[in-house]
Amino acid sequence: MPDPRPRKLQIQSKMNNRITRDVYHQEVVKLARTLLGKVFVRMDGNTRLSGMIVETEAYLGIPDKAAHTVGGRRTPRNESMWQDGGTLYVYFTYGMHHCMNIVAEQADEPVAVLIRALEPMDGKEVMYTRRKVAKKDRDLCSGPAKLCQALDITRDQDGIDLVTDSKIWIEDHGIKIPGKNIATGPRIGIQYAEEWADKPYRFWVKDHPCVSK
DNA sequence: AGAGTGATCATG
DNA sequence: ATGATCACTCTC
């Protein structure tokens with residue numbers, strides 16, 4: 001449904017609803033659920049690229065055998081996970097893909113939320129130019145590496161602070177996903193994680209077409 | 001179901 | 001220095 005307000009007012013209101021530090025300081029599983037329905041924004045020059053978060057996964061840090069920080073591992077790659085809640089953690093994998101996480105809780109608590117899918121909103125034309133294989137809007141951001149390609153998120157953005165950065169942030173548009181519309185299941189691609197592989201730390205908006213397959 | 005792709009890190 | 005691994009995507 002289109003926003004009936006004048007465009008100038010729409011933009012202004014969007015500027016004023018950036019998520020603040022206290023939200024990121026939540027316990028990581030709670031943050032993974034909270035982020036559903038929030039809007040991720042990336043300014044690409046003067047072009048606003050954005051999408052509503054519809055799928056997330058929580059990574060619980062030191063005890064979590066699926067997390068990059070398992071066992072307290074601290075390396076140049078995962079350094080951002082050790083920073084304060086609200087930091088962006090971007091990693092590169094399989095020789096060609098980037099994925100992005102939202103760091104949760106306090107500094108030195110290396111937990112994060114993987115963003116797995118967005119419903120594209122602003123800047124879809126630009127996203128299509130980056131994702132050549134996309135045929136429909138739902139192909140643009142329906143996977144953790146797809147959305148990074150669509151939004152041009154790379155290691156260059158690793159470590160930025162979503163609370164203060166001038167190009168990248170997350171907004172609250174007042175969209176509340178009721179608990180009964182949130183589906184839960186095991187995380188994807190972590191079969192090696194033994195007893196942690198089956199834990200229900202993946203969350204998505206039930207029946208949403210933009211969720212990853 | 002298999003290939004692609006190269007940074008990353010533990011090992012020595 | 002070396003080699004195994006990989007929080008994925010695409011095509012078949």
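Proteins get letters first, then strands, A, B, ... in listed order; numbering begins at 1 in each.
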Chemist: In whole angstrom, give the distance that lies between atom CD of A:Glu194 and atom P of C:dA7.
Modeler: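 My rounded result for the distance is 14 Å.
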
Chemist: Closer than 4.0 Å, any side-chain N/O of A:Arg202 to the OP1 or OP2 of C:dA7?
Modeler: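 No, outside the criterion.
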
Chemist: For the pair made of OH in A:Tyr91 and C1' in B:dG6, what is the distance, rounded to whole Å?
Modeler: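 It is 15 Å, rounded to the nearest whole Å.
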
Chemist: Scan every strand shown for a Watson-Crick or G-U wobble partner of B:dA3, both distances under 3.5 Å, and answer none if you come up empty.
Modeler: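 WC or wobble partner is C:dT9.
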
Chemist: Please state how far atom NE2 in A:His98 lies from atom P in C:dT9, giving the value in whole angstrom units.
Modeler: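 To the nearest whole Å, that distance equals 13 Å.
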
Chemist: Looking at C:dC10, B:dG4, C:dC8, which one has an atom nearest to any side-chain atom of A:Ala145?
Modeler: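 So the nucleotide nearest the side chain must be C:dC8.
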
Chemist: Return the 5'-most residue of the pair A:Asn78, A:Thr93 with respect to DNA chain B, ranking by each residue's nearest nucleotide.
Modeler: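 Looking at the nearest nucleotide for each, A:Thr93 comes out on the 5' side.
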
Chemist: Both A:Gly189 and A:Gln149 contact DNA chain C. Which one's nearest nucleotide lies toward the 5' end?
Modeler: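 Mapping each residue to its closest nucleotide by heavy atoms, the 5'-most match is A:Gly189.
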
Chemist: For a side-chain hydrogen bond (donor to acceptor under 3.5 Å, both in side chains) with A:Gln149, tell me which candidate from A:His97, A:Arg131, A:Arg130, A:Lys132 qualifies.
Modeler: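 Answer to the side-chain hydrogen bond (donor to acceptor under 3.5 Å, both in side chains) test with A:Gln149 among A:His97, A:Arg131, A:Arg130, A:Lys132: A:Arg131.
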
Chemist: Examine C:dC8: is either OP1 or OP2 under 4.0 Å from a nitrogen or oxygen in the side chain of A:Arg116? Give yes or no.
Modeler: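 So the side chain of A:Arg116 is within the cut-off, an N or O lying under 4.0 Å from OP1 or OP2 of C:dC8.
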
Chemist: Measuring only between side-chain heavy atoms, which start at C-beta, is A:Met121 closer than 4.5 Å to A:Val39?
Modeler: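 When only atoms from C-beta onward are counted, A:Val39 and A:Met121 do touch, with a gap below 4.5 Å.
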
Chemist: Is any side-chain N or O of A:Lys213 closer than 4.0 Å to OP1 or OP2 of C:dT9?
Modeler: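 For C:dT9, OP1/OP2 do not have a side-chain N/O of A:Lys213 under 4.0 Å.
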
Chemist: Taking NE2 from A:His97 and P from B:dA7, how many angstroms apart are they, rounded to a whole number?
Modeler: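 The answer, rounded to whole Å, is 14 Å.
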
Chemist: Take atom CD1 of A:Ile188 and atom C1' of C:dT9, then tell me their distance rounded to the nearest Å.
Modeler: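 Roughly 13 Å, once rounded to whole Å.
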
Chemist: Does some side-chain heavy atom of A:Tyr91 sit less than 4.5 Å from a side-chain heavy atom of A:Asn78?
Modeler: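 A:Asn78 vs A:Tyr91: side chains apart.
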
Chemist: Could you state the CE-C1' distance from A:Met96 to B:dT8, rounded to the nearest angstrom?
Modeler: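 In whole Å, B:dT8 C1' and A:Met96 CE are 15 Å from each other.
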
Chemist: Return no unless some side-chain N or O of A:Tyr192 is found under 4.0 Å from OP1 or OP2 of C:dA7.
Modeler: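 Answer is yes, contact under 4.0 Å.
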
